[in-house]
Each structure stands twice: as structure tokens, then as C-alpha cells.
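Take a look at the structure set out below.
Counting begins at 1 with the first residue of the sequence. For clarity, every value in this text was computed on a predicted model and none was experimentally measured. Just follow the structure's listing: the first ligand is 1, and inside any ligand the first atom is 1.
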Amino acid sequence: MTTDATPSDPASPADPASDPASPSVPAEPAPPAEVLVEVTDLQVHFPIKRGVFFDRTIGHVHAVDGVSLTIRRGETYGLVGESGCGKTTFGRGLLRLVEPTGGKALFDGSDLRELKGEALRKARRRMQMVFQDPLSSLDPRQNVESTLSEGLKSHGLWDKESGHRTLKEILDAVGLPATALRRYPHEFSGGQRQRIGIARALILKPDLIVADEPVSALDVSVQAQVLNLLEDLQERYGLTYLLIAHDLAVVRHTSDRVGVMYLGGLVEESSSADLYEQPLHPYTRTLLSAVPVPDPTIEDSRQRILLSGDLPSPANPPSGCRFHTRCPWRQETRCDTDRPALRELAPGHRVACHYAEDIRDGKIQPHEVRPELVEAHTALDSASVQAVTAEIAGTLPPGH
Ligand SMILES: Nc1ncnc2c1ncn2[C@@H]1O[C@H](COP(=O)(O)OP(=O)(O)OP(=O)(O)O)[C@@H](O)[C@H]1O
């Protein structure tokens, strides 16, 4: 399948850069051709509303709080972090399924936040999402044929002559028989349903697929099959993936590069191999120390570092380094007051920690985490934040 080579939509006449008569505005340099997605300082904050008519904003959930990353064409970028750190919101903000509060997101050179109407629809067709729970993301009343053809129809791409052939081809590509077309979601296993979800994304010939925990709802025995399928499809169709997962093992075997998120921000980014061989951020180190190693001799000698407490509330993020309340390497008082920027410690390996070198070189040893620090930021009203979240989530379209 060739990707839908939609050239960047022609700039509107109102765009001075497209108008030869307007004074020349220096155009921003286009990102290198191999970069498909370039995100700068993306923020998604959700208001917390109160009052009888929910007309008072009493705060904000800082779900995504300044993430910058690039995704190269044809690669798999794994985004990991514990539940609630903002991975899904980042993916949705990128595709504009939720409106970002700030920052910039370039897709194939076009500024997604500037796109409107037809231009946005066209861009959306090139960026598809595969959801975590295939059952709730598929309409139980629609058979596979209408699920798959719906996307084509809504984008005006349905062709009466070739439509059915296209559907069968796509089913074949995801390993399902043509007879599946007449069947309904409940007639399939979890793995098969996820194949339908993948087919639905693929049928629009996207360039980018944001796969949000695509295997975490599946039996372990079928997880590898679905991941292998995603890999085959990537090779066959030249796809680029943003793979969101909380399971480091999933990302390790599938991603070229990995970004680790903590409380709305990226704390480390590197090639997959580097991250697992030499994690530099304390958070990544604690996450990885919890992943069992199959070799018992290595497993016995490993230093296990336990992650204390829950993720702080994104409605009340800690000052300074967001991880300082749970960090076994925390140093007073810089970690409590200065938010570390993501900086490159080795080629392609970025980390947001003031003391990454000292920790790597063993100059600072881990110590006990003070429970009162953990408590201070998890206690705040997290129950009511959850309630508001659930309420707002109920107003979103299914699967979003
Ligand atoms: N629509 C919303 N309104 C308010 N808060 C939200 C909304 N959606 C997400 N949040 C909050 O933003 C934070 C990040 O949520 P998000 O789902 O992006 O995290 P995640 O890392 O993907 O977690 P999970 O793996 O559990 O999906 C959470 O605290 C969540 O409660």
C-alpha cells in the first residue's frame, strides 16, 4: 500500500507566506525530511470546574505539561510511564482529539494547531489511532463491513466498484478472513477485535498510527501476535508508530526510540537499546529495576529500587523536579526548586535530571524517600479530580 501522499494542503490565500504580493515573511526552516512529527512544548491542561452550573474553574489538571519530541518517518517511538502520567492525553493532543492548551505540533511540516476545516480533516486521515480496548472502541451494532467502510465514506473515499475488494484486502493484511465482514464485534476474540481496530486505522492509508496500549487488554498469549502484526504492517506500508505503553517489556522489543514520561513531562529519551542498558533518570532506573530478568544469576544480583507512593496529582504537581517527592537520589534543595530541562548526555540520549552524571557514576547513592514528601502531593483532592475526569470523559465521543 502506498501511503496517501497528500501533499501539505495549499496555504490559504490569507497566509502571507503564500501571497507573492505580501512583504516577504521569513519562512520557518522546514524540519529535515525524515522527521514526520515534531512537537515542541506541548501542553494539555484540563480545567477543574465547580459550582452548581460547573461555571467556576478552581484549578487545572496539568495532564501534559511541556513535552517536546520528534518522531522520524518509519520509526516506532515508544512512550512509556505509569498510569496517569499523560501518555494518552499526549497522543490525543497530538491528533487534536483534545485541544492542546499550548505548544506546537508539526506533522509533515504542517502546524497541526493551525489547521482548520478540510485541511484538518485531511491531516487527520493521515494520523490514525488504535485504542487500548478493542471492544469498547468498536460499535457493537456495526458489523465489520460497516465499521471499516465508515471511515472511507466519511472521507469521501468509498468506491462502489472497488470498495469491497479494498475491505477484503485490508482484512487479509491483518490476518482475518473475508467472512469476517458480516460478523459483529462480540463474535470475535480479543485479539481478533484488535485486528479489526488495526484494519480500521489502516484502511485510511495513514502515515502515522498512534497505538494507545494496543495489547494491554489482551491475553499474554496473543500480545506477541498483535505486536508482530504491527511490525509486519509497518514494514509493508512504511508506517510510523507512536506506541503508548506502560509495560516496558512491550516497548523494548518494538520501539526504535523510547520517551519516558512522568507527570506530564518527558524525563528521558534515547534509543531503545541505550535506555535499557544505561537508564540515566532515577525514574527510569526504578521502573526498570522492577522488570524481572529471565537470567536468575543476573536477577539475584540486581539492585531493586522500589518506587514509593503514588503518582502525585497532576492538579498539584510538585515544584522543581516533578519526581523529587519520590526520588531515592533527591538532593536538597536544588531538586525541590529547579525544574531540570531535558539535556543531551550522550548522542541521542536526553535526560531531565540535575544529577544524572553523578548518579550514573555512583557518586550519589540512593537513600530512603521521605513519606511526607510523597503524601504532600498525592493527598490533594485527587478523588474529586478523578470525579471531574470521569464526568468530562462521559461527554467525549466513544473511544476518545
Ligand atoms: N478529559 C479530562 N479531563 C480532566 N482530566 C483528565 C482528562 N483526561 C485525562 N485527565 C487526567 O490527566 C492525567 C493524565 O491522564 P492520561 O490518561 O493521559 O494518562 P496515561 O498516562 O495515559 O494513563 P493510563 O495509562 O491510565 O491511560 C490523569 O490525571 C487524568 O485523570
Nitrogen or oxygen of [X] less than 3.5 angstrom from that of ligand 1:
X	answer
Gly86	yes
Val61	no
Ala63	no

Would Lys87 and Asp212 count as a salt bridge (Lys or Arg N to Asp or Glu O under 4.0 Å) if you check the C-alpha gap in whole Å, the side-chain angles of each, and the deciding distance to 0.1 Å?
CA-CA 8 Å; Lys87 309 177 295 292; Asp212 188 3; over 6 Å; no

Exceeds 12 heavy-atom contacts within 6.0 angstrom, atom CD of Glu99:
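Result for CD/Glu99: enclosed.
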
Taking Asp274's backbone N and O only, do any of them form a donor-acceptor pair with Ser271's side chain (distance below 3.5 Å, no angle check)?
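Looks like yes, one N/O pair under 3.5 Å.
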
Ignoring hydrogens and angles, tell me if any N or O in the side chain of Asp338 forms a donor-acceptor pair with the backbone of Pro340 under 3.5 Å.
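Looks like no, no N/O pair under 3.5 Å.
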
Using a 4.0 Å cutoff against the non-hydrogen atoms of [X], which atoms of ligand 1 qualify?
X	result
Gly84	13 (C), 14 (C), 19 (O), 20 (P), 21 (O), 23 (O), 24 (P), 26 (O), 28 (C)
Thr88	17 (O), 18 (O), 20 (P), 22 (O), 27 (O)
Glu213	25 (O)

Given the rule that I, L, V, M, F, W and Y join up when any side-chain heavy atoms are under 4.5 Å apart, are Tyr184 and Leu167 in one cluster?
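Cluster IDs for Tyr184 and Leu167 differ.
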
Centroid-centroid distance, His354 to Trp329, less than 6.0 Å
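No.
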
Using heavy atoms and a threshold below 4.0 Å, how should the contact between Glu82 and ligand 1 be classified: side chain, backbone, both, or neither?
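The answer is the backbone.
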
For ligand 1, which part of Pro314 has a heavy atom less than 4.0 Å away: the side chain, the backbone, both, or neither?
side chain

Can you figure out which of Lys87, His45, His60 has its heavy atom closest to atom 21 (O) of ligand 1?
Lys87

Pick, from Phe46, Tyr262, Phe90, the option with the minimum heavy-atom distance to atom 6 (C) of ligand 1.
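Residue with the shortest heavy-atom distance to the ligand atom: Phe46.
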
Against the six-membered ring of Phe188, is Arg183 placed for a cation-pi contact (under 6.0 Å from the centre, within 45° of the normal)?
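Yes, a cation-pi geometry holds between Arg183 and Phe188.
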
